[in-house]
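Computed from a prediction, not measured in an experiment: that's the story for all the values here. Note: hydrogens, waters and symmetry copies are ignored here, and every other heavy atom, side chains too, is used.
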Amino acid sequence: MSQAFDVVFIGSGPAGYIGAIRAAQLGMRVAVVEEWKTPAGEAALGGTCLNVGCIPSKALLASSEAYEKVLHHMADHGIAVAGATFDLGKMMARKEAIVAKMTKGIEFLFKKNRITWLKGHGRLAGKGAHGWQVEVSGAGPSEVHEAKYVVVATGSKARGLPGVPVDNVLVNDNIGALAFKEVPKRLGVIGAGVIGLELGSVWRRLGAKVTVLEALPTFLAAADESVQKEAWKIFTKRQGLDIRLGAKIGKVETGKKGVTVQYELDGKAETLECDRLIVSVGRVPNTDNLGAEAVGLKLDSRGFVEVDAHCRSNLPNVFAIGDVVRGPMLAHKGEEEGVMVAELIAGQKPHVNYDAIPWVIYTSPEIAWVGRTEQELRAAGVPYKLGQFPFAVNGRALGQDETDGFVKVLAHAKTDEILGVHIVSSQASELIAEAVVAMEFRAAAEDIARITHAHPSLSEVIREAALAVDKRALNM
Ligand code: FAD
Ligand code: NAD
């Protein structure tokens with residue numbers, strides 16, 4: 001049955017579902033179109049992040065880290081564990097249970113906020129008496145609903161390599177890589193980006209021999225140069241990830257024994273034989289069959305919906321948020337855009353501070369940063385001071401056996417305003433929050449240096465790095 005809404009979100013990932021909740025809080029009549037189905041064929045909310053992204057990957061991360069701890073880090077505490085094993089089926093079941101809890105949680109939130117879930121594929125179909133028409137096609141006959149505002153939040157999907165079909169058995173994108181039925185003895189990964197490193201590390205901890213082929217000659221190009229160096233040392237030399245930079249991928253063939261990847265390295269032809277391959281070479285926006293052409297919604301040359309700083313598209317009352325628009329493909333960036341758009345529609349004046357969006361790479365140790373890197377400041381000719389402090393001399397880090405990494409604070413040479421904070425630490429994802437708050441409030445390094453940090457805690461390292469900006473770290 002056709003219905004009229006104030007706003008229809010297409011897509012229920014973090015961008016769409018958070019935007020929908022905020023719009024409902026502001027008194028709007030809201031619907032969300034979502035077509036996702038679980039492997040069992042059940043309709044599900046939550047998008048990539050909850051179903052096959054952030055949430056399941058962090059569940060496996062925790063399981064694999066627990067196993068590694070038992071194997072390699074208990075003896076130092078005087079705890080002997082003999083014959084530790086793991087049950088991958090149980091690990092996967094735990095992950096699935098967490099995913100189900102989270103996606104069902106969104107169903108609950110939709111009911112609580114009186115948000116209508118329109119199950120099926122959404123397509124912009126034209127204009128009607130009440131505004132934009134959105135056609136929803138699912139199992140039954142398609143329906144056309146109308147809305148004053150439409151928010152495209154259709155997210156992204158894994159980018160494939162030409163001529164390398166993904167079957168999610170031998171050749172996997174993020175979906176298959178989170179659901180292996182057994183630990184591959186030899187795992188190949190194409191792309192040493194966020195997914196390659198996070199999932200490569202998960203399977204390495206569970207026993208796979210992991211080889212990562214990366215096209216670029218540099219490692220973690222978006223990260224600060226000190227982070228790149230530290231991460232390279234830890235992941236390759238200490239943890240045994242075999243990362244080959246500057247690899248030019250050729251033919252990829254599958255057979256009964258696994259996958260063969262031909263590639264060129266330093267002008268020499270090389271071959272990688274592996275049991276399973278993960279292709280993690282970036283993601284592309286979901287704009288297929290969205291009706292963009294039919295209604296004149298402007299996409300850029302890479303298929304992203306073109307938007308301004310407030311996520312307005314070229315069409316009146318049509319917004320786009322999350323992975324389907326420019327900017328980092330991060331769940332929290334999409335969430336902030338969802339909130340902003342709902343509040344704009346309600347007549348408020350919100351904005352997203354794109355300069356203070358934290359990045360986290362959930363490896364072990366974790367990598368997190370906010371703001372600019374040292375190489376960016378240098379290239380932009382911004383005068384800066386830097387303070388760096390290691391976890392190795394922090395009492396809490398020693399007690400927890402988590403001494404890897406450092407905090408690096410970059411501040412303006414004249415004003416002392418914090419311009420970037422870069423952390424390598426087992427708890428970097430949590431520690432970075434202090435830096436984000438500081439940057440939102442345009443704090444100086446001196447501000448952090450003068451705040452009392454609990455002792456003993458890892459956060460003391462942030463203070464020490466802020467003190468080090470003026471060469472007055474206390475514990476070094
Ligand atoms: P999505 O989450 O992709 O959701 C879009 C939804 O729209 C999907 O459910 C899709 O079915 C639906 N849809 C698409 N087209 C239509 C249509 N026409 N009709 C109806 N429905 C449609 N980010 C982080 O910040 N932290 C992390 O730790 C993290 N880990 C990740 C791990 C992995 C393995 C992957 C793959 C990604 C990870 N990300 C992480 C990135 C994060 O998942 C995305 O940035 C985030 O999901 C984007 O949210 P979104 O709402 O824009 O889109
Ligand atoms: P990515 O952009 O992080 O990394 C892709 C890597 O593949 C790059 O290093 C790139 O140089 C390399 N590459 C590209 N083409 C190649 C080729 N032909 N051969 C070899 N290497 C090649 O992409 P991703 O790892 O697929 O992740 C996609 C996005 O998902 C990320 O950019 C991120 O925004 C998001 N994500 C975020 C998190 C997180 O926040 N912790 C976790 C996972 C994914």
Side-chain angles (χ1 to χ4, degrees), residues 54 58 61-62 65-66 69 73 76-77 198 220 223-231 233-234 330-332 336 353 355-374 377 384-412 415-476:
C54 329
K58 269 79 235 177
L61 211 86
E65 278 178 7
K69 245 184 194 149
H73 301 280
D76 284 350
H77 293 265
E198 287 188 9
L220 281 180
D224 185 88
E225 55 198 19
S226 316
V227 171
Q228 292 175 14
K229 273 191 214 130
E230 181 80 355
K233 197 174 70 194
I234 296 173
L330 299 172
H332 41 283
E336 292 313 315
N353 180 2
D355 291 334
I357 292 176
W359 275 84
V360 180
I361 305 178
Y362 293 85
T363 39
S364 177
E366 297 173 349
I367 294 167
W369 73 87
V370 59
R372 305 223 258 166
T373 61
E374 194 177 345
L377 293 177
Y384 64 91
K385 304 176 281 185
L386 89 84
Q388 189 165 322
F389 199 86
F391 283 92
V393 295
N394 172 267
R396 187 72 194 278
L398 281 160
Q400 290 180 181
D401 193 13
E402 292 176 345
T403 50
D404 277 338
F406 58 79
V407 175
K408 173 170 172 178
V409 174
L410 295 161
H412 195 281
T415 65
D416 197 37
E417 180 176 348
I418 296 171
L419 303 173
V421 177
H422 304 270
I423 307 179
V424 178
S425 158
S426 59
Q427 307 286 328
S429 57
E430 304 294 339
L431 293 169
I432 198 67
E434 178 179 358
V436 177
V437 174
M439 287 198 65
E440 276 289 351
F441 285 85
R442 301 196 61 179
E446 174 79 7
D447 292 321
I448 291 196
R450 291 203 173 273
I451 293 171
T452 309
H453 289 70
H455 175 76
S457 72
L458 300 183
S459 71
E460 289 173 292
V461 177
I462 298 186
R463 176 175 179 241
E464 291 281 10
L467 283 163
V469 165
D470 273 332
K471 302 197 173 20
R472 54 194 175 102
L474 295 163
N475 284 287
M476 194 129 106

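The structure places CG of L474 at 5.5 Å from CZ of R463, a figure rounded to the nearest 0.5 Å. Interatomic distance, L220 CG to I361 CD1, rounded to the nearest 0.5 Å: 4.5 Å. Note that OH of Y362 is 6.0 Å distant from NZ of K58, once rounded to the nearest 0.5 Å. With values rounded to the nearest 0.5 angstrom, H332 atom NE2 is found 6.5 Å from I357 atom CD1. How far CG of D355 is from CZ of R442: 9.5 Å, rounded to the nearest 0.5 Å. Within the model, atoms CG of L419 and NZ of K385 stand 10.0 Å from one another, a figure rounded to the nearest 0.5 Å.
E336 meets the side chain to side chain donor-acceptor pair (under 3.5 Å) test with no other residue; sequence neighbours excluded. Applying the side-chain contact (heavy atoms from CB on, under 4.5 Å) rule to Q388 yields the partners S226, L386, F406, K408; only residues at least two apart in sequence or on another chain are considered. In this structure E460 satisfies the salt bridge (charged side-chain N to carboxylate O under 4.0 Å, His left out) test with no other residue, sequence neighbours excluded. Annotation: side chain to side chain donor-acceptor pair (under 3.5 Å) contacts of S364 (sequence neighbours excluded): none. Annotation: side chain to side chain donor-acceptor pair (under 3.5 Å) contacts of E366 (sequence neighbours excluded): S429. Remark: K229 pairs with no residue by the salt bridge (charged side-chain N to carboxylate O under 4.0 Å, His left out) rule, at least two apart or across chains. Listed by chain and number, the residues in a side-chain contact (heavy atoms from CB on, under 4.5 Å) with A468 are A473 (sequence neighbours excluded). Applying the side chain to side chain donor-acceptor pair (under 3.5 Å) criterion to Q427, with sequence neighbours excluded, gives no partner residue. Applying the salt bridge (charged side-chain N to carboxylate O under 4.0 Å, His left out) test to D401 and every residue at least two apart in sequence or in another chain returns nothing.
Judged by distance alone, with hydrogens and angles left aside, the side-chain atoms of H422 form a donor-acceptor pair with the main-chain N or O of R372 at under 3.5 Å. Using a distance-only test at 3.5 Å, with no hydrogens or angles considered, no donor-acceptor pair links the side chain of E417 to the main chain of H412. Looking only at distances, a side-chain donor or acceptor of E464 sits under 3.5 Å from a matching main-chain atom of N475.
Considering all non-hydrogen atoms of both residues, E402 and S426 come closest at OE1-OG, 2.8 Å. Summarising the geometry of L431 relative to S425, their closest heavy-atom pair is CD1-OG, 3.7 Å, with the distance given to 0.1 Å. Heavy atoms only, all atoms of each residue included: I367 and A231 are closest at CD1-CB, 3.8 Å. Considering every non-hydrogen atom in both V436 and A356, the closest pair reads CG1-O, 3.6 Å. Closest non-hydrogen pair, E65 versus T363, comes out as OE2-O, 4.2 Å.
Residue K69 qualifies as open at atom NZ: its count of foreign heavy atoms under 6.0 Å is 12 or below.
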- Message: Please evaluate residues I423 and I462 with respect to the criterion side-chain contact (heavy atoms from CB on, under 4.5 Å), reporting the C-alpha separation (whole Å), side-chain torsions for both, the decisive distance (0.1 Å), and the verdict.
- Response: CA-CA 9 Å; I423 307 179; I462 298 186; 4.2 Å; yes

- Message: Walk me through whether F441 and I418 qualify under side-chain contact (heavy atoms from CB on, under 4.5 Å).
- Response: CA-CA 10 Å; F441 285 85; I418 296 171; over 6 Å; no

- Residues D404, V424; criterion side-chain contact (heavy atoms from CB on, under 4.5 Å); working and verdict: CA-CA 7 Å; D404 277 338; V424 178; 5.6 Å; no

What side-chain donor-acceptor pairs closer than 3.5 Å can you find for residues 389-399, not counting sequence neighbours?
residue	atom	partner	partner atom	Å
N394	OD1	R396	N	3.2
N394	OD1	A397	N	2.9
N394	ND2	S457	O	3.1
R396	NE	Q400	OE1	2.8
R396	NH2	Q400	OE1	2.8

Donor-acceptor list for residues 447-454 side chains, cut-off 3.5 Å, not counting sequence neighbours:
residue	atom	partner	partner atom	Å
D447	OD2	A444	N	2.7
R450	NE	E446	OE2	2.5
R450	NH2	E446	OE2	3.2
H453	ND1	I451	O	2.8
H453	NE2	E434	OE1	3.3
H453	NE2	E434	OE2	2.6

